[in-house]
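Take a look at the structure set out below.
Atoms within a ligand are numbered from 1 in the order they appear, just like the ligands themselves. Atom set for the values below is all heavy atoms of this structure, side chains included, hydrogens, waters and symmetry mates excluded.
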Amino acid sequence: MTLGALIRKRGPIKKIGVIGMGYVGIPAAALFADSPEFDFVYGFQRDSPSSGYKIAMLNRGESPLKGEEPGLEDLLRKVIAAKKFSCTSDFAKIAGLDAITLSIQTPFLNKEDLIPDFSALTDGIRQVGRYLSPGMLVVLESTVTPGTTDTLAREILEQESGLKAGIDFALAHAPERVMAGRLLRNIQEHDRIVGGFDPVSTQRATELYSPVLTHGRIIPMSATAAEVTKTTENTFRDLQIAAINELALYCEAMGINVFDVRRGVDSLKGEGITRAILWPGAGVGGHCLTKDTYHLERGVQMLGKDLLDYPAGETSLYVLARRINDFMPTHMFRLTTDALKRAGRPLNGAKVAILGWSFLADSDDTRNTPSEPYRDSLIRSGATVSVHDPHVSEYPDVPILRNLEETMRGADAIVIFTGHNQYKNLDPKNMRALSGKLHPVIIDGRNMIDPELYIRHGFVYKGIGRGDKNMHKIIG
Ligand code: SAJ
(Lines give C-alpha, C1' and ligand atoms only; values in the text may rest on other atoms or scores of the structure.)
Protein backbone atom coordinates (compact mmCIF):
# COMPACT_ATOMS: atom_id res chain seq x y z
CA MET A 1 0.00 0.00 0.00
CA THR A 2 1.33 3.49 -0.84
CA LEU A 3 1.81 6.13 1.80
CA GLY A 4 -1.10 8.09 0.30
CA ALA A 5 -3.36 5.05 0.67
CA LEU A 6 -2.14 4.42 4.25
CA ILE A 7 -2.95 8.02 5.14
CA ARG A 8 -6.38 7.90 3.50
CA LYS A 9 -7.07 4.69 5.48
CA ARG A 10 -5.96 6.40 8.70
CA GLY A 11 -8.21 9.42 7.89
CA PRO A 12 -7.83 13.04 8.97
CA ILE A 13 -5.33 13.94 11.72
CA LYS A 14 -7.14 13.82 15.04
CA LYS A 15 -4.56 12.99 17.74
CA ILE A 16 -1.27 14.89 17.93
CA GLY A 17 1.87 14.76 20.04
CA VAL A 18 4.36 17.60 20.62
CA ILE A 19 7.77 16.65 22.00
CA GLY A 20 9.61 19.46 23.84
CA MET A 21 7.65 21.73 26.20
CA GLY A 22 9.57 24.97 25.64
CA TYR A 23 9.16 28.34 23.88
CA VAL A 24 8.18 26.56 20.64
CA GLY A 25 6.40 23.35 21.80
CA ILE A 26 4.07 24.79 24.45
CA PRO A 27 2.30 27.42 22.27
CA ALA A 28 2.19 24.98 19.33
CA ALA A 29 0.55 22.24 21.47
CA ALA A 30 -1.96 24.71 22.94
CA LEU A 31 -2.99 25.96 19.48
CA PHE A 32 -3.34 22.43 18.09
CA ALA A 33 -5.47 21.50 21.12
CA ASP A 34 -7.63 24.60 20.73
CA SER A 35 -8.41 23.77 17.10
CA PRO A 36 -11.83 22.13 16.52
CA GLU A 37 -10.12 20.08 13.77
CA PHE A 38 -8.19 18.04 16.33
CA ASP A 39 -9.49 15.83 19.17
CA PHE A 40 -6.52 15.65 21.55
CA VAL A 41 -2.92 16.72 22.03
CA TYR A 42 -0.20 15.24 24.23
CA GLY A 43 2.71 17.43 25.25
CA PHE A 44 5.75 15.20 25.86
CA GLN A 45 8.37 16.33 28.37
CA ARG A 46 11.20 14.27 29.87
CA ASP A 47 10.72 14.07 33.66
CA SER A 48 14.29 15.34 34.21
CA PRO A 49 15.50 17.19 37.36
CA SER A 50 15.91 20.40 35.33
CA SER A 51 12.59 20.46 33.50
CA GLY A 52 10.27 17.75 34.91
CA TYR A 53 8.45 20.44 36.93
CA LYS A 54 6.85 21.65 33.69
CA ILE A 55 4.60 18.54 33.48
CA ALA A 56 2.57 19.31 36.61
CA MET A 57 2.47 23.04 35.85
CA LEU A 58 1.12 22.48 32.33
CA ASN A 59 -1.47 19.97 33.58
CA ARG A 60 -2.67 22.70 35.98
CA GLY A 61 -3.01 25.03 32.97
CA GLU A 62 0.01 27.12 34.06
CA SER A 63 2.79 28.24 31.71
CA PRO A 64 6.34 27.45 32.86
CA LEU A 65 7.63 30.14 30.49
CA LYS A 66 8.65 33.23 32.44
CA GLY A 67 8.08 36.68 30.91
CA GLU A 68 4.99 38.09 29.23
CA GLU A 69 3.35 35.68 26.74
CA PRO A 70 0.03 37.30 25.84
CA GLY A 71 -2.87 34.79 25.76
CA LEU A 72 -0.80 31.69 26.45
CA GLU A 73 -1.91 30.94 30.01
CA ASP A 74 -5.58 31.58 29.17
CA LEU A 75 -5.31 29.18 26.25
CA LEU A 76 -3.59 26.52 28.39
CA ARG A 77 -6.30 26.79 31.04
CA LYS A 78 -8.94 26.51 28.28
CA VAL A 79 -7.54 23.36 26.62
CA ILE A 80 -6.88 21.70 29.99
CA ALA A 81 -10.45 22.44 31.12
CA ALA A 82 -11.73 21.07 27.81
CA LYS A 83 -9.64 17.91 28.38
CA LYS A 84 -8.03 18.41 24.94
CA PHE A 85 -4.45 18.69 26.20
CA SER A 86 -2.32 16.76 28.66
CA CYS A 87 1.40 16.82 29.39
CA THR A 88 3.17 13.52 30.04
CA SER A 89 6.61 11.88 30.22
CA ASP A 90 5.17 8.57 29.05
CA PHE A 91 6.46 8.38 25.47
CA ALA A 92 4.60 5.09 24.87
CA LYS A 93 1.54 7.26 24.31
CA ILE A 94 3.04 8.19 20.93
CA ALA A 95 1.76 4.85 19.60
CA GLY A 96 -1.87 5.98 19.33
CA LEU A 97 -1.21 9.30 17.59
CA ASP A 98 -1.62 10.47 13.97
CA ALA A 99 1.08 13.16 14.00
CA ILE A 100 4.08 13.98 16.19
CA THR A 101 6.20 17.15 16.13
CA LEU A 102 9.65 17.71 17.68
CA SER A 103 10.66 21.14 19.08
CA ILE A 104 13.95 20.41 20.80
CA GLN A 105 16.98 22.70 21.16
CA THR A 106 19.78 22.17 18.62
CA PRO A 107 22.77 24.11 19.96
CA PHE A 108 26.34 23.80 18.72
CA LEU A 109 28.99 21.96 20.71
CA ASN A 110 31.82 23.49 18.68
CA LYS A 111 31.13 26.34 16.26
CA GLU A 112 34.64 26.43 14.81
CA ASP A 113 34.46 22.79 13.74
CA LEU A 114 30.73 23.05 13.02
CA ILE A 115 29.82 20.23 15.43
CA PRO A 116 26.21 20.51 16.62
CA ASP A 117 24.84 18.93 19.80
CA PHE A 118 21.99 16.83 18.44
CA SER A 119 21.90 14.55 21.50
CA ALA A 120 18.54 15.78 22.81
CA LEU A 121 17.07 15.83 19.30
CA THR A 122 18.19 12.29 18.44
CA ASP A 123 16.83 11.04 21.79
CA GLY A 124 13.47 12.52 20.89
CA ILE A 125 13.52 11.08 17.37
CA ARG A 126 14.49 7.67 18.76
CA GLN A 127 11.49 7.77 21.11
CA VAL A 128 9.21 8.48 18.12
CA GLY A 129 10.81 5.67 16.13
CA ARG A 130 10.04 3.19 18.92
CA TYR A 131 6.29 3.86 18.73
CA LEU A 132 5.94 4.76 15.04
CA SER A 133 3.11 3.09 13.12
CA PRO A 134 2.15 3.06 9.41
CA GLY A 135 0.52 6.26 8.13
CA MET A 136 1.90 8.42 10.96
CA LEU A 137 3.37 11.90 10.32
CA VAL A 138 6.62 13.04 11.96
CA VAL A 139 7.62 16.73 11.79
CA LEU A 140 10.88 18.40 12.88
CA GLU A 141 10.19 21.99 14.02
CA SER A 142 13.66 22.48 15.50
CA THR A 143 16.14 24.43 13.37
CA VAL A 144 18.58 21.87 11.96
CA THR A 145 21.50 21.56 9.57
CA PRO A 146 20.21 21.28 5.99
CA GLY A 147 19.94 17.57 5.14
CA THR A 148 19.12 16.45 8.70
CA THR A 149 15.46 15.53 8.05
CA ASP A 150 16.22 13.42 4.96
CA THR A 151 19.27 11.72 6.53
CA LEU A 152 19.77 11.61 10.34
CA ALA A 153 16.09 11.84 11.29
CA ARG A 154 14.88 9.43 8.59
CA GLU A 155 17.65 6.91 9.37
CA ILE A 156 16.90 6.84 13.12
CA LEU A 157 13.14 6.54 12.54
CA GLU A 158 13.59 3.72 10.02
CA GLN A 159 16.14 1.95 12.23
CA GLU A 160 13.90 2.06 15.33
CA SER A 161 10.60 1.26 13.57
CA GLY A 162 11.58 -0.95 10.65
CA LEU A 163 9.30 1.29 8.54
CA LYS A 164 10.27 3.40 5.51
CA ALA A 165 9.85 7.17 5.13
CA GLY A 166 7.69 8.16 2.17
CA ILE A 167 6.36 4.59 1.99
CA ASP A 168 5.10 3.68 5.49
CA PHE A 169 5.22 7.05 7.26
CA ALA A 170 5.26 10.75 6.40
CA LEU A 171 8.22 12.93 7.36
CA ALA A 172 8.62 16.70 7.12
CA HIS A 173 10.44 19.80 8.38
CA ALA A 174 8.26 22.79 9.34
CA PRO A 175 10.60 25.20 11.12
CA GLU A 176 9.39 27.39 13.98
CA ARG A 177 9.48 31.18 13.49
CA VAL A 178 8.63 32.38 16.98
CA MET A 179 9.98 35.19 19.13
CA ALA A 180 9.67 35.50 22.89
CA GLY A 181 6.78 37.78 23.87
CA ARG A 182 4.65 36.97 20.80
CA LEU A 183 4.71 33.17 20.54
CA LEU A 184 1.02 32.50 19.79
CA ARG A 185 0.69 35.33 17.29
CA ASN A 186 3.88 34.31 15.45
CA ILE A 187 2.59 30.75 14.96
CA GLN A 188 -0.81 31.95 13.74
CA GLU A 189 0.27 34.92 11.62
CA HIS A 190 3.63 34.01 10.06
CA ASP A 191 3.58 32.00 6.83
CA ARG A 192 4.52 28.39 7.55
CA ILE A 193 7.33 26.76 5.62
CA VAL A 194 6.40 23.09 5.17
CA GLY A 195 9.04 20.83 3.62
CA GLY A 196 8.21 17.15 3.09
CA PHE A 197 10.53 14.20 2.54
CA ASP A 198 8.17 13.69 -0.42
CA PRO A 199 5.05 15.46 -1.76
CA VAL A 200 2.64 13.19 0.18
CA SER A 201 4.47 14.12 3.40
CA THR A 202 4.27 17.82 2.47
CA GLN A 203 0.53 17.45 1.92
CA ARG A 204 0.00 15.64 5.25
CA ALA A 205 2.02 18.27 7.13
CA THR A 206 0.01 21.00 5.41
CA GLU A 207 -3.11 19.35 6.85
CA LEU A 208 -1.53 19.59 10.32
CA TYR A 209 -0.59 23.30 10.26
CA SER A 210 -3.39 24.85 8.18
CA PRO A 211 -5.98 24.80 11.02
CA VAL A 212 -3.77 26.87 13.39
CA LEU A 213 -2.92 29.60 10.86
CA THR A 214 -5.03 32.78 11.05
CA HIS A 215 -3.11 35.09 8.63
CA GLY A 216 -0.20 32.87 7.67
CA ARG A 217 -0.15 30.77 4.48
CA ILE A 218 1.49 27.40 3.94
CA ILE A 219 4.63 27.62 1.78
CA PRO A 220 5.37 24.09 0.54
CA MET A 221 8.81 22.88 -0.58
CA SER A 222 11.22 19.99 -0.01
CA ALA A 223 12.52 19.22 3.47
CA THR A 224 16.06 20.35 2.63
CA ALA A 225 14.81 23.57 1.04
CA ALA A 226 12.82 24.23 4.22
CA GLU A 227 15.93 23.67 6.34
CA VAL A 228 17.92 26.08 4.16
CA THR A 229 15.07 28.62 4.29
CA LYS A 230 15.02 28.65 8.09
CA THR A 231 18.77 28.77 8.61
CA THR A 232 19.02 31.43 5.89
CA GLU A 233 16.41 33.79 7.33
CA ASN A 234 18.30 33.93 10.62
CA THR A 235 21.70 34.07 8.92
CA PHE A 236 20.56 37.00 6.77
CA ARG A 237 19.17 38.81 9.83
CA ASP A 238 22.50 38.28 11.59
CA LEU A 239 24.28 39.56 8.47
CA GLN A 240 22.10 42.67 8.38
CA ILE A 241 22.87 43.32 12.04
CA ALA A 242 26.60 42.77 11.41
CA ALA A 243 26.47 45.25 8.53
CA ILE A 244 25.05 48.02 10.73
CA ASN A 245 27.36 47.07 13.62
CA GLU A 246 30.35 47.41 11.31
CA LEU A 247 29.01 50.77 10.14
CA ALA A 248 28.64 51.84 13.77
CA LEU A 249 32.31 50.99 14.41
CA TYR A 250 33.27 52.99 11.29
CA CYS A 251 31.16 55.98 12.39
CA GLU A 252 32.80 56.01 15.80
CA ALA A 253 36.19 56.07 14.09
CA MET A 254 35.08 58.82 11.69
CA GLY A 255 33.51 60.97 14.43
CA ILE A 256 29.95 60.85 13.11
CA ASN A 257 26.55 59.62 14.34
CA VAL A 258 25.56 56.25 12.85
CA PHE A 259 21.90 57.00 13.52
CA ASP A 260 22.05 60.05 11.22
CA VAL A 261 23.49 57.78 8.54
CA ARG A 262 20.91 55.09 9.24
CA ARG A 263 18.08 57.65 8.92
CA GLY A 264 19.61 58.82 5.64
CA VAL A 265 20.10 55.35 4.16
CA ASP A 266 16.66 54.26 5.36
CA SER A 267 15.05 57.20 3.57
CA LEU A 268 15.80 55.76 0.14
CA LYS A 269 12.51 53.93 -0.33
CA GLY A 270 10.21 53.31 -3.28
CA GLU A 271 9.49 50.53 -5.75
CA GLY A 272 12.30 48.04 -6.18
CA ILE A 273 14.39 49.69 -3.50
CA THR A 274 14.49 47.59 -0.36
CA ARG A 275 16.60 48.96 2.47
CA ALA A 276 16.49 46.52 5.36
CA ILE A 277 18.82 48.45 7.60
CA LEU A 278 18.63 47.19 11.19
CA TRP A 279 19.96 48.59 14.51
CA PRO A 280 23.53 48.50 15.83
CA GLY A 281 24.00 47.42 19.42
CA ALA A 282 25.90 45.81 22.25
CA GLY A 283 25.65 42.33 20.76
CA VAL A 284 23.51 39.54 19.36
CA GLY A 285 22.18 36.87 21.67
CA GLY A 286 19.48 34.25 21.75
CA HIS A 287 19.20 30.63 20.71
CA CYS A 288 18.78 31.34 17.00
CA LEU A 289 20.98 33.97 15.36
CA THR A 290 23.96 32.77 17.37
CA LYS A 291 23.88 29.29 15.83
CA ASP A 292 21.80 29.08 12.66
CA THR A 293 24.64 30.43 10.52
CA TYR A 294 26.68 27.42 11.60
CA HIS A 295 23.85 25.06 10.67
CA LEU A 296 23.82 26.63 7.19
CA GLU A 297 27.62 26.42 6.94
CA ARG A 298 27.55 22.78 8.03
CA GLY A 299 24.79 22.11 5.51
CA VAL A 300 26.82 23.30 2.54
CA GLN A 301 29.84 21.37 3.85
CA MET A 302 27.75 18.17 4.07
CA LEU A 303 25.60 18.55 0.95
CA GLY A 304 27.77 20.59 -1.40
CA LYS A 305 31.41 20.59 -0.26
CA ASP A 306 32.87 19.41 -3.56
CA LEU A 307 30.48 21.48 -5.70
CA LEU A 308 30.77 24.85 -3.93
CA ASP A 309 32.46 27.52 -6.07
CA TYR A 310 33.73 30.25 -3.66
CA PRO A 311 36.69 32.70 -3.68
CA ALA A 312 39.74 30.68 -2.60
CA GLY A 313 40.88 31.24 0.98
CA GLU A 314 38.05 33.64 1.76
CA THR A 315 36.02 33.29 4.97
CA SER A 316 32.31 32.78 4.60
CA LEU A 317 30.54 36.13 4.64
CA TYR A 318 28.05 34.66 7.11
CA VAL A 319 30.72 33.44 9.52
CA LEU A 320 32.45 36.82 9.35
CA ALA A 321 29.13 38.43 10.25
CA ARG A 322 28.92 36.14 13.28
CA ARG A 323 32.39 37.23 14.36
CA ILE A 324 31.53 40.93 14.01
CA ASN A 325 28.38 40.50 16.12
CA ASP A 326 30.29 38.40 18.68
CA PHE A 327 32.85 41.23 18.83
CA MET A 328 30.35 43.86 20.02
CA PRO A 329 30.55 42.96 23.76
CA THR A 330 34.35 43.37 23.44
CA HIS A 331 33.79 46.76 21.85
CA MET A 332 31.48 47.65 24.78
CA PHE A 333 34.33 46.63 27.10
CA ARG A 334 36.74 48.97 25.28
CA LEU A 335 34.24 51.85 25.35
CA THR A 336 33.90 51.32 29.12
CA THR A 337 37.66 51.19 29.70
CA ASP A 338 38.27 54.29 27.56
CA ALA A 339 35.48 56.27 29.21
CA LEU A 340 36.74 55.41 32.70
CA LYS A 341 40.21 56.52 31.61
CA ARG A 342 38.68 59.85 30.45
CA ALA A 343 37.10 60.12 33.91
CA GLY A 344 40.52 59.48 35.44
CA ARG A 345 39.76 56.02 36.85
CA PRO A 346 41.23 52.59 36.00
CA LEU A 347 38.91 49.66 35.34
CA ASN A 348 40.70 47.63 38.01
CA GLY A 349 38.79 48.29 41.24
CA ALA A 350 36.00 50.19 39.50
CA LYS A 351 32.31 49.38 40.11
CA VAL A 352 30.32 48.80 36.93
CA ALA A 353 26.51 48.54 36.82
CA ILE A 354 25.14 46.54 33.89
CA LEU A 355 21.56 47.41 32.95
CA GLY A 356 19.98 44.45 31.12
CA TRP A 357 20.80 40.75 31.25
CA SER A 358 18.27 39.21 28.81
CA PHE A 359 19.31 39.13 25.16
CA LEU A 360 16.10 40.74 23.90
CA ALA A 361 14.34 43.94 24.98
CA ASP A 362 11.38 43.45 27.35
CA SER A 363 11.86 39.66 27.53
CA ASP A 364 13.24 37.33 30.20
CA ASP A 365 15.15 35.20 27.69
CA THR A 366 18.84 35.02 28.68
CA ARG A 367 20.04 32.40 26.20
CA ASN A 368 23.51 33.36 24.89
CA THR A 369 23.09 36.86 26.29
CA PRO A 370 25.86 39.21 25.06
CA SER A 371 25.89 40.74 28.58
CA GLU A 372 27.72 37.65 29.88
CA PRO A 373 31.00 37.82 27.92
CA TYR A 374 31.07 41.57 28.73
CA ARG A 375 30.64 40.93 32.47
CA ASP A 376 33.29 38.19 32.38
CA SER A 377 35.82 40.55 30.78
CA LEU A 378 35.12 43.23 33.42
CA ILE A 379 35.64 40.78 36.27
CA ARG A 380 38.83 39.44 34.68
CA SER A 381 40.07 43.07 34.71
CA GLY A 382 39.42 43.52 38.42
CA ALA A 383 36.14 45.42 38.27
CA THR A 384 33.19 44.84 40.62
CA VAL A 385 30.01 44.26 38.67
CA SER A 386 26.33 44.58 39.59
CA VAL A 387 23.58 43.49 37.20
CA HIS A 388 19.99 44.73 36.91
CA ASP A 389 17.17 43.29 34.82
CA PRO A 390 13.43 43.93 35.29
CA HIS A 391 12.44 40.60 33.67
CA VAL A 392 15.12 38.13 34.76
CA SER A 393 14.82 36.70 38.29
CA GLU A 394 17.87 34.43 38.40
CA TYR A 395 20.88 33.28 36.38
CA PRO A 396 23.55 30.72 37.32
CA ASP A 397 26.45 32.38 39.23
CA VAL A 398 25.24 35.92 38.39
CA PRO A 399 23.21 37.79 41.03
CA ILE A 400 20.45 39.68 39.20
CA LEU A 401 19.14 42.75 41.06
CA ARG A 402 15.59 44.05 40.64
CA ASN A 403 16.31 47.33 42.45
CA LEU A 404 17.71 49.71 39.86
CA GLU A 405 18.92 52.31 42.40
CA GLU A 406 20.75 49.68 44.44
CA THR A 407 22.42 48.46 41.22
CA MET A 408 23.69 51.95 40.38
CA ARG A 409 24.70 52.98 43.92
CA GLY A 410 28.44 53.79 44.03
CA ALA A 411 28.88 52.88 40.35
CA ASP A 412 31.82 54.35 38.44
CA ALA A 413 30.17 53.27 35.20
CA ILE A 414 26.58 52.50 34.20
CA VAL A 415 26.22 50.40 31.06
CA ILE A 416 22.99 49.90 29.11
CA PHE A 417 23.18 46.44 27.50
CA THR A 418 19.53 45.54 26.79
CA GLY A 419 16.90 47.93 25.39
CA HIS A 420 14.25 47.35 28.09
CA ASN A 421 11.50 49.98 28.14
CA GLN A 422 12.35 50.79 31.77
CA TYR A 423 15.70 52.23 30.67
CA LYS A 424 14.13 54.74 28.28
CA ASN A 425 13.40 57.34 30.95
CA LEU A 426 16.34 57.12 33.30
CA ASP A 427 17.10 60.27 35.32
CA PRO A 428 20.77 61.38 34.96
CA LYS A 429 20.54 63.74 37.97
CA ASN A 430 19.45 60.92 40.25
CA MET A 431 21.92 58.49 38.67
CA ARG A 432 24.83 60.87 39.30
CA ALA A 433 23.74 61.25 42.93
CA LEU A 434 23.53 57.47 43.33
CA SER A 435 26.97 56.94 41.81
CA GLY A 436 28.45 59.61 44.06
CA LYS A 437 31.06 60.33 41.40
CA LEU A 438 31.94 63.74 39.97
CA HIS A 439 32.06 62.28 36.46
CA PRO A 440 30.24 58.96 36.35
CA VAL A 441 30.52 57.03 33.09
CA ILE A 442 27.47 56.10 30.99
CA ILE A 443 27.79 53.63 28.12
CA ASP A 444 24.78 53.30 25.81
CA GLY A 445 24.78 49.96 24.00
CA ARG A 446 21.21 50.30 22.66
CA ASN A 447 20.71 53.97 21.68
CA MET A 448 18.39 54.43 24.65
CA ILE A 449 19.48 57.84 25.98
CA ASP A 450 20.12 61.41 24.83
CA PRO A 451 23.89 61.92 25.14
CA GLU A 452 23.59 65.71 25.53
CA LEU A 453 21.36 65.33 28.61
CA TYR A 454 23.98 63.15 30.36
CA ILE A 455 26.95 65.22 29.25
CA ARG A 456 25.25 68.31 30.72
CA HIS A 457 24.98 66.43 34.02
CA GLY A 458 28.75 65.82 34.11
CA PHE A 459 28.72 62.24 32.78
CA VAL A 460 31.45 60.84 30.57
CA TYR A 461 29.37 59.41 27.72
CA LYS A 462 30.13 56.80 25.08
CA GLY A 463 27.62 55.08 22.81
CA ILE A 464 27.63 52.50 20.04
CA GLY A 465 27.95 54.36 16.74
CA ARG A 466 28.13 57.82 18.37
CA GLY A 467 31.42 59.07 16.96
CA ASP A 468 29.90 62.55 17.12
CA LYS A 469 29.72 62.39 20.94
CA ASN A 470 32.20 59.80 22.20
CA MET A 471 35.02 62.30 22.64
CA HIS A 472 32.83 65.09 24.03
CA LYS A 473 34.14 67.82 26.30
CA ILE A 474 33.65 66.79 29.95
CA ILE A 475 31.55 69.37 31.82
CA GLY A 476 32.01 70.41 35.48
N1 SAJ B 1 19.50 42.70 17.40
C2 SAJ B 1 20.32 43.79 17.10
N3 SAJ B 1 19.89 44.67 16.14
C4 SAJ B 1 18.69 44.50 15.49
C5 SAJ B 1 17.86 43.36 15.80
C6 SAJ B 1 18.29 42.47 16.77
O7 SAJ B 1 21.40 43.99 17.68
O8 SAJ B 1 18.34 45.37 14.67
C9 SAJ B 1 19.94 41.73 18.44
C10 SAJ B 1 18.96 41.62 19.60
O11 SAJ B 1 19.27 42.58 20.59
C12 SAJ B 1 19.18 40.20 20.09
C13 SAJ B 1 19.54 39.45 18.82
O14 SAJ B 1 19.93 40.45 17.86
O15 SAJ B 1 20.28 40.14 20.99
C16 SAJ B 1 18.41 38.61 18.24
O17 SAJ B 1 17.28 39.41 18.16
P18 SAJ B 1 16.01 38.99 17.25
O19 SAJ B 1 15.13 40.16 17.21
O20 SAJ B 1 16.44 38.42 15.98
O21 SAJ B 1 15.31 37.88 18.18
P22 SAJ B 1 15.24 36.27 18.08
O23 SAJ B 1 16.60 35.71 17.94
O24 SAJ B 1 14.42 35.83 19.22
O25 SAJ B 1 14.34 36.00 16.79
C26 SAJ B 1 14.86 35.55 15.57
C27 SAJ B 1 13.83 35.97 14.52
N28 SAJ B 1 14.35 35.69 13.22
C29 SAJ B 1 14.10 36.54 12.20
O30 SAJ B 1 13.45 37.55 12.31
C31 SAJ B 1 14.69 36.14 10.87
C32 SAJ B 1 12.52 35.21 14.76
O33 SAJ B 1 11.61 35.48 13.71
C34 SAJ B 1 12.81 33.70 14.78
O35 SAJ B 1 11.64 32.97 15.04
C36 SAJ B 1 13.81 33.41 15.88
O37 SAJ B 1 15.01 34.11 15.60
C38 SAJ B 1 14.07 31.89 15.90
O39 SAJ B 1 13.53 31.24 16.82
O40 SAJ B 1 14.68 31.41 14.97
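Looking at Leu360 against ligand 1, only its side chain comes within 4.0 Å, counting heavy atoms.
We find that Arg177 and Glu233 are joined by a salt bridge, their nearest charged nitrogen and carboxylate oxygen being less than 4.0 Å apart.
You'll find the side chain of Glu73 reaches within 4.5 Å of the side chain of Arg77, heavy atoms only. No side-chain heavy atom of Glu176 sits less than 4.5 Å from a side-chain heavy atom of Tyr23.
With Cys288, Gly283, Ser363, Gly281 as candidates, the residue nearest to atom 9 (C) of ligand 1 on a non-hydrogen basis is Gly283. Atom 24 (O) of ligand 1 has its nearest heavy-atom neighbour, among Phe359, Tyr23, Trp279, in Phe359. Distances from atom 40 (O) of ligand 1 to the heavy atoms of Met179, Arg177, Lys230, Arg182 put Lys230 nearest. Distances from atom 27 (C) of ligand 1 to the heavy atoms of Asn234, Ile187, Val178 put Asn234 nearest.
On a distance-only criterion, His190 and ligand 1 share no N/O pair closer than 3.5 Å. Not one N or O of Thr143 is nearer than 3.5 Å to an N or O of ligand 1, by distance alone. Inclusion of Arg446 in the set of residues having an N or O under 3.5 Å from an N or O of ligand 1 is warranted.
Near Leu289, meaning under 4.0 Å from any of its heavy atoms, are these atoms of ligand 1: 20 (O), 23 (O), 26 (C), 37 (O). The atoms of ligand 1 that sit less than 4.0 Å from any heavy atom of Gly285 are 12 (C), 13 (C), 15 (O), 16 (C).
Ligand 1 is never approached by Gln240 to a heavy-atom distance shorter than 4.0 Å. Every heavy atom of Met328 sits 4.0 Å or more from the atoms of ligand 1.
The residue from Ile100, Thr101, Val18, Val128 that alone fulfils the side chain to side chain contact (heavy atoms under 4.5 Å, CB included) condition with Phe44 is Ile100.
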